[in-house]
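These notes concern the structure reproduced below.
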Amino acid sequence: MISAKTTAELIQELNEADETEHLEAKSASAGDVGKSVFETICAMSNEPGLEGGTILLGVEKEQLNLFPQYVAVGVDDPDKVSSDIASGCASKFNSPVRVDVSRELIGGKVVVRVDVPELSSSQRPLYFKGMGLPRGALRRIGSTDQHCTDDDLTGFFQSKAQEAYDSLVIEGVTWDDIDLEAVEAYRRARGEANPDAEELNWSNEEVLHALGAVSRRAGDYVVTATGLLVFGKASALRRVVPAHRVDYIRVPGKDWVSGNDHRFESLDMRGPMFSLLPRIMAAILDDLPKTFRVDDASGQRTDVPIVPARVIREAVVNSIMHRSYQTAQPVQVIRYSNRVEIRNPGYSLKSQERFGEPGSALRNPHIAEILHETRFAETKGSGLRVMRDIMSSHGLSAPTFSSNRDNDEFTGIFLFHHFLSERDWEWLAGFTAFQLTEDQMRAIIFVREVGAIDNSAYRSLTQADTLSASKSLRKLREQDILEDRGGGSRTYYVPGQVMRERVLSHDADMHARPSGLAPKGRHANRAEMPTHLRARFQATGKRIEPADMESLLIDLCAWRALSAEEIANLLGRTAHYISNKYLYRMVREGQLRHKYPEMVKHPGQRYIAGEAN
């Protein structure tokens, strides 16, 4: 988006957030307009949804103090620079570009400002005439200008009816390679989604033709990429696309360790999509740590994965639906001790800065439509936001998503971590003097669990914008909580001196505790109770009358301060049920009181027996 800020305000923004998707600084102090200026104009013009951006000429990053700062150095001949930009935009590209060139005096130096509008979809892609496509076209990815790939051009041309990869005919694949059981699986899924769907009455040939899974050539049916990937036999998939599989990898510990001495478990899965998707989801869900849920009506306990099944479903379907099938690499699902990572080949065609916005850029439109109409994919363009919302509603750390064009990879990370837990608050107490915001607390806990964070992961974790994320990370760096690595758009942050000391101190404290003993107040269990309390549990049984439950809750909270979760675990109920049925009312009536009355929603809140008891 072209900013309404003044040039001086934009320089201040550069010093707070560095270069961004919408803002670029370049020297041009000698009065020459280099190729990089026109590359940025091309990239900002092409980027869908960017709504344009601004280039400041005559602004450089200088090392004025401990950290580099952007300053106005001016351009020697602003008239020539302005003229060169206008003539270059009219002659260098396949079609003329109309930019707004202005100038402003900053500290006695003339800075030339170039506001670049986004082109309409009918005008894209803009490219250098002398280079042609795809390399002559550029996109604005974060704060960098990236040469377009074939996938980018597919996105640009889809509105112009260019054929997507999943509609291409795969040579050497015939009707005999179609798995009719997969076709029946599609019919069942489609019937569950819409029992009145007219295609349920069609022949297999008609159904697959309508779905883009087969095409007609010289009177015969030939199989497309969609047909092979969604309905192909396992033998055909292995023969034609052997790398198009899913690898489930179980790694001990929190870190990937390369080398022959490192051992991990791996399960390779391939097959038609309608049988492959349930197998992937089952493998992940069966292997996740479990928590439990108790039905309030029946009292029956059910073990459930710590990461909600809906989140796993969305993540797996997104990876299969949006991956690049032109890249001969498998999807990897890596299960660490504290998280699951899902990595699929193919960067996101949708800019990472707009992940939270509705709408999606489809790499495989036929496959996507099949998954949507069978309800495998339950959302259109909002799957990432849905996953974040579900994780948040379950008290879990937000998932993070990153798209890497250099590695041609998209990654989602899902922590087995309730935020903010009591253990987190104990650890964060060591940072009290730094007056961290909640978003900054989230960030350093993420670094503690994963090892590093960048601007993109910070935004994904906290829903902050680019400028706010940059300010927060810079503050953490200035306080020596984090240290930066890399540079420019590839900057990332690892634990700094302060954080390393806190981690070592915390680990030493944890190891100093007796084996198997959790921090005080956590994971209370019946074995720790006084004899008279254990006897009460044995006497009451599973069904407890409301009056007896209230008396028991008072005695429990007189024994020690307990959280709603601990109480629920002891009683075999859910925290939601215990809180709504008893705790809130008993606090109002004075039978119980909060340990932190000044902050009722304190994440470390516990309940204590009231003064009258």
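Keep in mind it's a predicted model, so treat the numbers as computed, not measured. Numbering starts at 1 and runs along the sequence shown.
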Checklist entry - So do the side chains of Pro308 and Leu396 get within less than 4.5 Å of each other, counting heavy atoms only? => result yes
Item to check | Arg139 vs Glu47, salt bridge (Lys or Arg N to Asp or Glu O under 4.0 Å): CA-CA, chis, key distance, verdict | outcome: CA-CA 5 Å; Arg139 286 188 61 185; Glu47 187 58 32; 2.7 Å; yes
Checklist entry - Do Tyr165 and His366 come close enough that some side-chain heavy atom pair is under 4.5 Å? => result no
Item to check | Close side-chain approach of Val214 to Glu205, heavy-atom, < 4.5 Å | outcome: no
Checklist entry - So, are Asp247 and Arg245 salt-bridged, with charged N and O less than 4.0 Å apart? => result yes
Next on the checklist: Strictly distance-based, threshold 3.5 Å: is any side-chain N or O of Asn364 a donor or acceptor partner for the main-chain N or O of Ile367?
Outcome noted: no
Checklist entry - Just wondering, do Arg313 and Phe376 contact through their side chains at under 4.5 Å, heavy atoms? => result yes
Item to check | Partners passing ring pair (Phe, Tyr, Trp, His ring centres under 6.0 Å) against His244 (at least two apart in sequence or in another chain) | outcome: Tyr325
Checklist entry - Hey, does the side chain of Arg363 reach the backbone of Tyr347 with a donor-acceptor pair shorter than 3.5 angstrom? => result yes
Checklist outcome for this item: Heavy-atom nearest pair, Pro125 first then Asn94, reads O-ND2, 3.5 Å
Checklist entry - Cys89 and Phe38: which non-hydrogen atoms are nearest, and at how many Å? => result N-CE2, 3.8 Å
Sequence neighbours left out, cut at 3.5 Å: what donor-acceptor pairs do the side chains of residues 223-238 make with other protein atoms?
| residue | atom | partner | partner atom | Å |
| --- | --- | --- | --- | --- |
| Thr224 | OG1 | Gly212 | O | 2.6 |
| Thr224 | OG1 | Ala213 | O | 3.0 |
| Thr224 | OG1 | Thr226 | N | 3.4 |
| Thr224 | OG1 | Gly227 | N | 3.3 |
| Thr226 | OG1 | Asp166 | O | 2.6 |
| Lys233 | NZ | Asp176 | O | 2.9 |

Item to check | No-hydrogen, no-angle side-chain donor-acceptor test under 3.5 Å, Ser36 and Glu39 | outcome: no
Checklist entry - If you measure from the Lys or Arg side-chain nitrogens to the Asp or Glu carboxylate oxygens, is any gap between Glu199 and Arg187 under 4.0 Å? => result no
Checklist outcome for this item: To the nearest 0.5 Å, atom OG of Ser324 lies from atom CD of Gln329 at 9.0 Å
Checklist entry - Looking at Leu415 and Ser397, what are the two nearest heavy atoms and their distance? => result CD1-CB, 4.2 Å
Checklist entry - Would you find a donor on one side and an acceptor on the other, under 3.5 Å apart, between the side chain of Thr144 and the backbone of Arg140? => result no
Item to check | Carboxylate-amine/guanidinium contact Asp287 Arg250, below 4.0 Å | outcome: yes
Next on the checklist: For Val447 and Val494: C-alpha separation, side-chain torsions, deciding distance, then whether side chain to side chain contact (heavy atoms under 4.5 Å, CB included) applies.
Outcome noted: CA-CA 7 Å; Val447 174; Val494 298; 5.7 Å; no
Next on the checklist: Testing the 3.5 Å rule here: is there a donor-acceptor pair between the side chains of Arg388 and Ser460?
Outcome noted: yes
Checklist entry - Closest approach of Met44 and Glu21, non-hydrogen atoms and distance? => result CE-O, 4.0 Å
Item to check | Face-on cation placement of Lys254 at Tyr336 ring, 6.0 Å and 45° thresholds | outcome: no
Checklist entry - Does Arg343 use its side chain to pair, donor to acceptor, with the backbone of Val331 at less than 3.5 Å? => result no
Next on the checklist: Run the salt bridge (charged side-chain N to carboxylate O under 4.0 Å, His left out) test against Glu198 and tell me which residues pass, sequence neighbours left out.
Outcome noted: none
Next on the checklist: Check for me whether Arg335 meets the cation-pi criterion with Tyr248, that is, NZ or CZ under 6.0 Å from the six-membered ring centre and within 45 degrees of the ring axis.
Outcome noted: no
Checklist entry - Between Asp152 and Cys148, what is the shortest heavy-atom contact and its length? => result OD2-CA, 3.4 Å
Checklist entry - Quick one: does Ser45's side chain have a donor or acceptor within less than 3.5 Å of a partner on Ile41's backbone? => result yes
Checklist entry - Are any of the side-chain heavy atoms of Val316 and Val333 separated by less than 4.5 Å? => result no
Checklist entry - Salt bridge between Arg188 and Glu192, side-chain N to carboxylate O under 4.0 Å? => result no
Checklist outcome for this item: Value for CD1 (Ile444) from CD (Glu449), rounded to nearest 0.5 Å, stands at 11.5 Å
Next on the checklist: Nearest 0.5 Å, please: how far is CG in Asn194 from CG in Leu200?
Outcome noted: 7.5 Å
Item to check | Stepwise ring-ring contact (aromatic ring centres under 6.0 Å, His included) test for Phe128 and Phe93 | outcome: CA-CA 5 Å; Phe128 287 93; Phe93 303 114; 4.9 Å; yes
Next on the checklist: Please check: side-chain N/O of Arg339 versus main-chain N/O of Phe414, any donor-acceptor pairing under 3.5 Å?
Outcome noted: no
Item to check | Taking every non-hydrogen atom, the tightest pair across Ser348 and Phe410 | outcome: CB-CD1, 4.0 Å
Item to check | Verdict with reasoning, Leu138 to Cys42, per side chain to side chain contact (heavy atoms under 4.5 Å, CB included) | outcome: CA-CA 6 Å; Leu138 292 97; Cys42 181; 3.9 Å; yes
Checklist outcome for this item: Interatomic distance, CG@Leu476 vs OH@Tyr493, rounded to 0.5 Å, equals 9.0 Å
Next on the checklist: Within this structure, what is the CD-NZ distance for the pair Gln440 and Lys475, rounded to the nearest 0.5 Å?
Outcome noted: 5.0 Å
Checklist entry - Are any non-hydrogen side-chain atoms of Val386 and Arg310 less than 4.5 angstrom apart? => result yes
Checklist entry - So do the side chains of Val340 and Ile334 get within less than 4.5 Å of each other, counting heavy atoms only? => result no
Checklist entry - Do Thr411 and Asn404 get their side chains close enough for a donor-acceptor pair, meaning under 3.5 Å? => result no
Next on the checklist: For a side chain to side chain contact (heavy atoms under 4.5 Å, CB included) check, start with the C-alpha distance between Leu277 and Val317, then their side-chain angles and the critical distance, and finish with the verdict.
Outcome noted: CA-CA 7 Å; Leu277 285 169; Val317 171; 4.3 Å; yes
Checklist outcome for this item: To the nearest 0.5 Å, atom OG1 of Thr374 lies from atom OH of Tyr186 at 7.0 Å
Item to check | Arg485 side chain to Thr491 backbone, donor-acceptor under 3.5 Å | outcome: no
Checklist entry - So do Ser470 and Asn455 actually touch side chain to side chain, heavy atoms under 4.5 Å? => result yes
Checklist entry - So Ile320 and Met273, side chain to side chain contact (heavy atoms under 4.5 Å, CB included) or not? Walk me through it. => result CA-CA 8 Å; Ile320 298 300; Met273 209 165 284; 3.6 Å; yes
Checklist entry - In terms of heavy-atom contacts, does CD of Glu181 have more than 12 from other residues, nucleotides or ligands at under 6.0 Å? => result no
Checklist entry - Checking Arg190 side chain against Glu373 main chain: does a donor-acceptor pair fall under 3.5 Å? => result yes
Next on the checklist: Can a donor-acceptor pair be found, under 3.5 Å and without considering hydrogens, that links the side chain of Asp177 to the backbone of Thr174?
Outcome noted: yes
Item to check | Donor-acceptor under 3.5 Å (Ser468 side chain, Asp465 main chain) | outcome: no
Item to check | Electrostatic pair Arg477-Glu483, nearest N-O below 4.0 angstrom | outcome: no
